[in-house]
Amino acid sequence: MEMVQAPMSIEELEKMAAVIRCDIIEMICTAAAGHPGGSLSSADIVTALYFRIMRIDPEDPGWPDRDRFILSKGHACPVWYAALAERGYFDKAHLATLRRLDSILQGHPTMNKTPGIDMTVGSLGHGLSAGLGMALSGKLRKKDYHVWVIIGDGESQEGSIWEAAMAASKWKLDNLTAILDYNHLQNDDSVDKVMPIDPLIDKWKAFGWHVIEIDGHNMKDIVDALEATRSFKGMPTMIVANTVKGKGVSFMENVCEWHGKAPCQEEADKALTELRR
Amino acid sequence: MSKNTISPYRYVRPDILSILTSDDLFTKAERQPTRYSYAEAILELGAKNPDIVVLDADVSKSIKTNLFAERFPERSFNFGIAEQNMMAAAAGMATTGLIPYASTYAVFASMRALDMVRNSIHYPRLNVKIAASHGGITPGPDGVTHQGQEDLSIMRAIAGSTIIAPADPTTTKLAVWAAAEYDGPVYLSFTRDPVPVLFDMDYPFEIGKAVTVRDGKDATIIANRDLVVQSLVAAELLAGQGLDVRVIDCHTLKPLDIEVVLQAAHETGAIVTAENNMYYGGLGSAVAEVLVENHPIPMKRIGVRDTFAESGPYLELLKKYGLSAEHIVKAVEEVIERKS
Ligand SMILES: Cc1ncc(C[n+]2csc(CCOP(=O)(O)OP(=O)(O)O)c2C)c(N)n1
Ligand SMILES: [Mg+2]
């Protein structure tokens with residue numbers, strides 16, 4: 001299998017993010033089901049993590065000292081699968097089998113089936129706690145791996161998110177970074193209408209976290225924030241990434257309906273043309 | 001069917017035979033996911049009874065309870081992705097005389113919020129209706145995290161629980177309405193995927209009363225929710241082999257209709273249970289408990305074995321995980337064989 005080189009430059013990362021966005025559209029169109037909106041909004045962050053930031057070895061997915069990544073908003077797994085495939089964890093041909101019987105790519109991420117998936121998720125509000133456990137273990141065993149967890153803004157309505165928030169600050173887990181994909185939409189409607197979560201930055205600060213706010217689609221911002229957080233000591237970091245749900249596909253951007261709807265072939269073609277420009 | 005034979009079916013739509021024997025049962029027949037039937041029923045109920053309130057946890061668009069929210073905005077409460085809060089709040093509303101229908105997916109209703117469902121709803125016996133979509137492995141492509149394959153078993157373990165798993169769009173509406181008349185917690189289970197309309201509105205729906213929807217004397221299939229249609233298809237396949245098989249729509253899992261189960265045991269001498277749920281703790285277990293204590297006869301359980309399923313199209317999953325009409329046919333042949 002052809003292996004891509006990492007770490008990538010900002011420009012290379014931007015190109016890779018576009019490739020990953022195309023993979024997402026193709027995958028969900030072929031499966032005729034899945035969640036494009038939240039996959040596209042996380043695409044730049046996931047790309048930065050896999051192609052620049054994380055200490056990982058695609059040849060050895062179980063390497064005990066690797067950085068860990070959890071996409072706690074597991075429904076957006078097409079972005080995770082695309083990144084893993086592009087990084088060389090498995091053959092890209094698998095992407096076309098998403099959600100099919102006997103596929104290694106389940107509708108929600110499953111650690112026992114997919115190489116590179118560090119934690120099974122899909123029921124919202126679990127991933128940050130799982131990441132907390134990995135971070136606690138890292139401290140106990142004096143490992144210097146870092147744990148990265150992406151959570152959704154709708155997902156932040158789960159009480160368990162805040163239970164994890166309290167615990168991470170209690171144990172001063174500076175080896176844990178949460179990244180909020182702040183796209184302002186969830187399944188039913190806008191987060192503001194369904195159940196407001198603001199003032200978010202104040203909340204995370206009040207829970208004892210170091211908070212950074214970035215543009216979640218500006219690759220340099222993303223990389224700078226992720227790099228800074230690895231060396232930040234004494235408390236866990238929350239990166240609030242301002243994002244656009246459906247980012248990169250004009251007709252999906254900020255449209256709630258694209259949360260869990262697959263594009264038909266014609267729509268996919270239109271999306272791919274835009275993304276390849 | 002020739003003119004002289006009396007139809008073995010009851011309460012079914014007139015064209016049932018052509019539906020059950022068609023190759024494209026799930027693409028041609030009039031059909032609907034029963035979560036939508038719930039949404040329609042609750043809309044009608046809301047218009048009649050001002051005490052009805054609907055609680056959601058950010059899947060109202062999926063269940064279509066957003067229609068209720070549009071029509072009765074002041075009686076609709078979206079809690080966001082916070083199922084535990086929703087369930088305990090439903091309990092609080094019920095203490096004041098409201099009748100909350102708390103709607104989410106089965107995995108979250110029966111597991112994420114189980115402590116609230118047990119301690120805040122069932123222990124004080126509050127009048128909360130739990131409307132759980134995505135029952136069994138009906139949410140195929142989403143995969144295991146969204147497949148409520150054990151909710152019926154879990155709910156059956158709670159003292160004083162009432163559990164209803166209707167088979168089709170018609171009986172789903174009847175179940176939702178019956179639940180409103182009943183004073184106490186009711187767990188209602190719906191499908192994510194469409195199931196064919198099987199029954200007419202003259203179906204005598206009563207909580208706790210199983211309904212024999214196909215007569216037969218050689219064996220009995222007792223089924224619930226989406227495996228009722230598979231059982232009826234199985235019965236027709238068996239009829240082709242000259243076997244005359246009874247089918248009971250056991251929509252109420254708890255309290256179980258012991259009388260109808262024992263009558264079937266006495267009259268047909270062999271029983272197969274069929275459920276899209278773990279094969280322990282649910283319908284199969286409930287029927288087995290009654291038979292073992294009262295009238296042991298050959299019996300076999302169709303259900304999800306001790307495994308998680310996977311992503312895949314609903315009907316393909318039924319085949320792979322042993323829940324299809326063909327599996328039911330084999331089980332019936334086996335129990336009939338054991339009778340002799
Ligand atoms: C506990 C739980 N409740 C409900 C769901 C169904 N669900 C899947 S995605 C989603 C909305 C998620 O919104 P958000 O976290 O904002 O994700 P994004 O906008 O990034 O897609 C819901 C309600 C779930 N997966 N888990
Ligand atoms: Mg969101």
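Each chain gets a letter, A, B and so on, in the order the sequences are listed, and its residues count up from 1. On a predicted model such as this, the values are computed, not experimentally measured, just so you know.
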Return yes if some donor-acceptor pair links the side-chain N/O of [X] with the main-chain N/O of [Y] below 3.5 Å, else return no.
X: Gln157(A); Y: Ala82(B); result: no
X: Glu310(B); Y: Asp102(A); result: yes
X: Asn78(B); Y: Val194(A); result: no

State, to 0.1 Å, how close [X] and [Y] come at their nearest heavy-atom pair, and which atoms those are.
X: Val59(B); Y: Asp188(A); answer: N-OD2, 3.5 Å
X: Lys61(B); Y: Cys256(A); answer: NZ-SG, 3.5 Å
X: Gly107(A); Y: Ser311(B); answer: N-OG, 2.7 Å

Just checking [X]: does its [atom1] atom have more than 12 heavy atoms from other residues, nucleotides or ligands closer to it than 6.0 angstrom?
X: Tyr123(B); atom1: OH; value: no
X: Lys64(B); atom1: NZ; value: no
X: Arg75(B); atom1: CZ; value: yes
X: Phe308(B); atom1: CZ; value: no
X: Lys330(B); atom1: NZ; value: no
X: Glu266(A); atom1: CD; value: no

What residue in Ser123(A), Ser103(A), Gly34(A) has the most heavy-atom pairs under 4.5 Å with chain B?
->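 If we count pairs closer than 4.5 Å to chain B, Ser123(A) comes out on top.
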
Heavy atoms only, distances under 4.5 angstrom: which of Ser160(A), Ala31(A), Gly122(A) has the most pairs with chain B? Name it, please.
->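 If we count pairs closer than 4.5 Å to chain B, Gly122(A) comes out on top.
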
Side chain, backbone, both or neither of [X] within contact of chain B (heavy atoms, under 4.5 Å):
X: Gln186(A); result: both
X: Lys113(A); result: side chain
X: Val191(A); result: neither

Structural part of Asp142(B) lying under 4.5 Å from a heavy atom of chain A | both

Checking heavy atoms, do the side chain of Tyr105(B), its backbone, both or neither come under 4.5 Å from chain A?
-> neither

Hey, what do you get for NZ (Lys73(A)) to CD1 (Ile81(B)), rounding to the nearest 0.5 Å?
->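 The CD1 atom of Ile81(B) is 10.5 Å from NZ of Lys73(A), to the nearest 0.5 Å.
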
Separation between OG1 (Thr145(B)) and NE2 (His126(A)), nearest 0.5 Å, reads 9.5 Å

Are Arg112(B) and Glu158(A) close enough, and set up right, to give a side-chain contact (heavy atoms from CB on, under 4.5 Å), and what steps lead you there?
-> CA-CA 11 Å; Arg112(B) 185 55 157 269; Glu158(A) 284 289 4; 3.2 Å; yes

In terms of heavy-atom pairs under 4.5 Å with chain A, which of Gly143(B), Ser60(B), Gly312(B) leads?
->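 Counting heavy-atom pairs under 4.5 Å, the top option is Ser60(B).
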
Any Lys/Arg nitrogen of Glu316(B) or Arg100(A) sitting under 4.0 Å from an Asp/Glu carboxylate oxygen of the other?
-> no

